[in-house]
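Okay, structure first, notes after.
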Amino acid sequence: MVDITLPDGSVKNFEMGVTPAEIAKSISEGLFRKAFGAMVNGEMRDLYSPITQNSSVAIITEKDPQAASIFRHTMAHIMAQAVMHVFGKENVKFAIGPVIDNGFYYDFDIPSHKITEEDFSKIEEEMKNIIRQDIKISRKDLSKKEAAELFADQPYKLELITDIVDDTVSVYTQGDFSDLCRGPHLPSTGMVKYAKILSVSGAYWRGDEKNKMLQRIYATSFVKKDELDAYVTMIEEAKKRDHRKLGPALGLFMIDTDIAPGMAFFLPRGTIALNEMRKLSREIHKKYEYVEVETPQIMNVKLWHQSGHWDHYKENMYFSEKEDAMFAVKPMNCPGHMLIYKNNVVSYRDLPIRIFEFGRVHRYERSGTLQGLFRVRVFTQDDAHIFCRKDQIEAEIIKVMNLIQDMYSPFGFKYEAFLSTMPQDHMGDVETWDIATAALKKALEESGNRYTVNEGDGAFYGPKIDFYLTDSLGRKHQCGTIQLDFQMPERFELTYVGPESEQIRPVMIHRAIFGSLERFFGILIENFAGAFPTWMMPEQVSIIPVSEKFNDQADEFAKKFDLQGIRVSVNKSNTTVNYRVREEQLRKVPYMIVFGEKEASGQPLNIRTRNGNTAENVNLDDFIKTVKEEISERKLTLSY
RNA sequence: GCCGACGUAGCUCAAUCGGCAGAGCGGCUGAUUUGUAAUCAGCAGGUUGGGGGUUCAAGUCCCUUCGUCGGCUCCA
């Protein structure tokens, strides 16, 4: 007999070898029907895996976070089985099929056929078929030798079996399809019904470009149809908001892929918005007592030898030779800031020193990896380096985290933090790492940030905290980062003079908040679908004269906004009022005022917003005051 | 860089088997003088990404080159 502890704390007695399925049944028939698997002593297990010792058991149903990884993994097998049926068992070699964030993929080697989007419906049909048959899924533990015999004609599986350290491996079988798999899986193929194939692309076996290129099918799956529909709708919405489309359409930026691949031209409207971001950033950096600097774009390679970039980053750098000297276009700002630090003799009383720069950096990225503003070859970092004493680390980190809060909140972004600790391969002594990591942890806790620890994921030169923000479509973007660097101060022999006149090595903190201004701008375009908060909009108010007769008076009227620092334009094009309202609204201008007889004579205004709302009888002075306040306080939503 | 898909007017997209390169939107010009999401008419706009080849004939087929999009470990 075994004692089973349930999530509510109650303990029940069962036969030796009882399965989670039987336990679920004993609780209620309904729970059994909804059960996908179980957590047994904190491990995910199949519903029919026997339990042979006293354990705590929690049944996983669709509501649990682990559910998706079970049913999507099963769906990956169903897809693989469908692919096998469609293209023929002898033609398909199976690689791996893991669950990923919002779905799953499976890699196939099918020499006889190149999968295209036209194949999707065929595969989906066959998946439905397999689901309809509700085939039983069974698990078998085999010795590696037995498994090797079973997968004799599956080279990728054989390679995986060889690499597995355990003596036995598990194999899941559903009808005519068997796969090497850790599991767990659903008990049968009929339990989850809704799946959709999303895309197909190439992927190297084990992600190594020296290996063979396989065909990877991406797909997703949900328990409920409306969840799947919502996900598909989200993808479509994201497509509509694609900054690569919206940005040029709204006149914000362009990319001439022939002349300057991976490098954006910011157009007049985009530059206004970008400058507003810079303005916000400068205000906040001033509040946190940073000094702003500018460093040269091109510097002698000597500097890059000293910084280590020559050894570790050369492949990504641009070079230029003049007068027998080799120069490098800067890919990072830190070495320049080192030189600025060294320009003075620093006393311990001077610390911390916070050097900030909108540093324009060039990095060669392989052509295939370029992506709009998200992956570029030139970008502007809101980069700063904080030089401080060891005992100042924690306070400095807290300050940076407050700064991040200040910087993200005008955009309404929520974010989460990830702490990466000392990797195997690291420099600096363990004691310094411990102090630094403890300081980062303490700062995270004290600032009230929830965070996740990525053990051993830090850079070789120091631990770091990364910030991921979530946009309005629920997508996550890594932007802010705080990194401690034990290497640079060594390489540049930075020192400060201590109270006993001794030379002491300062600690260096590298941090960026937007990360890349260009990338952050791209995220903002998609987040707001181009309808930025008013303070960032290139045009904030648009005046639409009802007819040519009112053009001059409309210009005079517009001046009143201009004088108050509100960006205003008058749309005098010779079309109907309706048409111009439409134009302005498509350009996402926050406020529109149709200007005619009434307005010319000083009567109260009707304000139309880009959301299609109209506020009637608004006094001009009140309107100006409200908009000015909306701008100066950087409000997220419109006032009308 | 590699694999796949793709590249026609500023934008979105047509063009049957290889047989005269077209439409809508946008732009320009004119008419109209408009009160809160598309007034009407006319005009201009192209070496079909570039180069080469096959053919009587190429947007269409072949080669090459440039670029775009999706992806290239979140590991059975």
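Every chain is numbered from 1 and lettered A, B, ... according to where its sequence line falls, protein lines coming before strand lines.
Residue A:Arg216 is classed as a sugar-phosphate contact, given heavy-atom separations below 4.0 Å to backbone atoms only. Using a 4.0 Å heavy-atom distance criterion, A:Val169 is classed as a base contact. Note on A:Tyr156: nothing from the nucleic acid sits closer than 4.0 angstrom, heavy atoms only.
Two rings, from A:Phe557 and A:Phe550, have their centers 6.0 Å or more apart. The aromatic ring centres of A:His243 and A:Phe374 sit less than 6.0 Å apart.
The nucleotide B:G24 finds its pairing partner in B:C11, both defining distances of the Watson-Crick or G-U wobble pair being shorter than 3.5 Å. Checking B:C40 for Watson-Crick or G-U wobble geometry (two distances, each under 3.5 Å) identifies B:G30 as its partner. B:C6: Watson-Crick or G-U partner is B:G67, with both key distances under 3.5 Å. Across all strands shown, B:C72 is found opposite B:G1 as a Watson-Crick or G-U wobble partner, with both distances under 3.5 Å. Figure legend. B:C17 is base-paired to no nucleotide; pairs are counted as Watson-Crick or G-U wobble with both atom distances under 3.5 Å.
Computed from coordinates, the A:Asn454 CG to B:C74 C1' distance equals 12 Å when rounded to whole Å. The CD1-P distance, from A:Ile96 to B:C72, rounds to 11 Å in whole Å.
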Can I get a per-line list of side-chain donor-acceptor pairs under 3.5 Å for residues 310-317 of chain A, giving both atom names and the distance, sequence neighbours left out?
none

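Here the rule is salt bridge (Lys or Arg N to Asp or Glu O under 4.0 Å) with A:Glu539, and of A:Arg610, A:Arg269, A:Arg567 only A:Arg269 fits it. For the side-chain contact (heavy atoms from CB on, under 4.5 Å) criterion with A:His77, the lone passing option out of A:Leu186, A:Asp179, A:Thr189 is A:Asp179.
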Residues A:Val570, A:Phe595; criterion side chain to side chain contact (heavy atoms under 4.5 Å, CB included); working and verdict: CA-CA 10 Å; A:Val570 182; A:Phe595 188 91; over 6 Å; no
Please report the C-alpha distance between A:Ser639 and A:Glu630 in whole Å, then the side-chain angles of each, then the deciding distance to 0.1 Å, and finally whether the side-chain hydrogen bond (donor to acceptor under 3.5 Å, both in side chains) criterion is met. CA-CA 7 Å; A:Ser639 307; A:Glu630 184 185 324; 2.6 Å; yes
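Comparing the P positions of B:G10 and B:G45 gives a spacing of 12 Å, expressed to the nearest Å. If you take atom C1' in B:C69 and the same atom in B:G27, they sit 28 Å apart, rounded to whole Å. With P as the reference atom, B:U54 and B:C63 are 15 Å apart, rounded to whole Å. Between B:U73 and B:U16, the distance separating the two P atoms is 41 Å to the nearest Å. The separation of B:C43 from B:U47, taken at their C1' atoms, amounts to 23 Å, rounded to a whole angstrom. Straight-line distance between the C1' atoms of B:C20 and B:C6: roughly 27 Å, to the nearest whole Å. Rounded to the nearest Å, the gap between the P atom of B:C11 and that of B:C3 is 29 Å.
The shortest distance between the side-chain N/O atoms of A:Arg244 and the OP1/OP2 oxygens of B:C69 is below 4.0 Å. A close approach under 4.0 Å does not occur between any side-chain nitrogen or oxygen of A:Tyr106 and OP1 or OP2 of B:C75.
Using a 4.5 Å cut-off on side-chain heavy atoms (C-beta onward), A:Tyr591 and A:Ile566 make no contact. Here the side chains of A:Leu214 and A:Phe108 are not in contact, with every heavy-atom distance at 4.5 Å or above.
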Contact letters for nucleotides 2-13 of chain B, in which S counts primed atoms plus P, OP1 and OP2 and B counts the base, heavy atoms under 4.0 Å: BBS-------S-
Indicate for each nucleotide in nucleotides 28-38 of chain B, in 5' to 3' sequence, whether protein heavy atoms under 4.0 Å reach the base (B), only the sugar-phosphate (S), or nothing (-). ---BBBBBBBB
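Evaluation of the side chain to side chain donor-acceptor pair (under 3.5 Å) test over residues 194-204 of chain A, restricted to residues two or more places apart or in two chains, returns none. Counting only residues at least two apart or in different chains, ring pair (Phe, Tyr, Trp, His ring centres under 6.0 Å) contacts with residues 139-169 of chain A comprise A:Tyr156-A:Trp205.
Residue A:Leu47 comes nearest to A:Pro187 through the heavy atom pair CD2-CG, 3.8 Å, listed as atom of the first residue, atom of the second, then distance.
Taking a 4.0 Å limit (strictly below) on heavy-atom distances, residues 537-545 of chain A does not reach RNA chain B anywhere.
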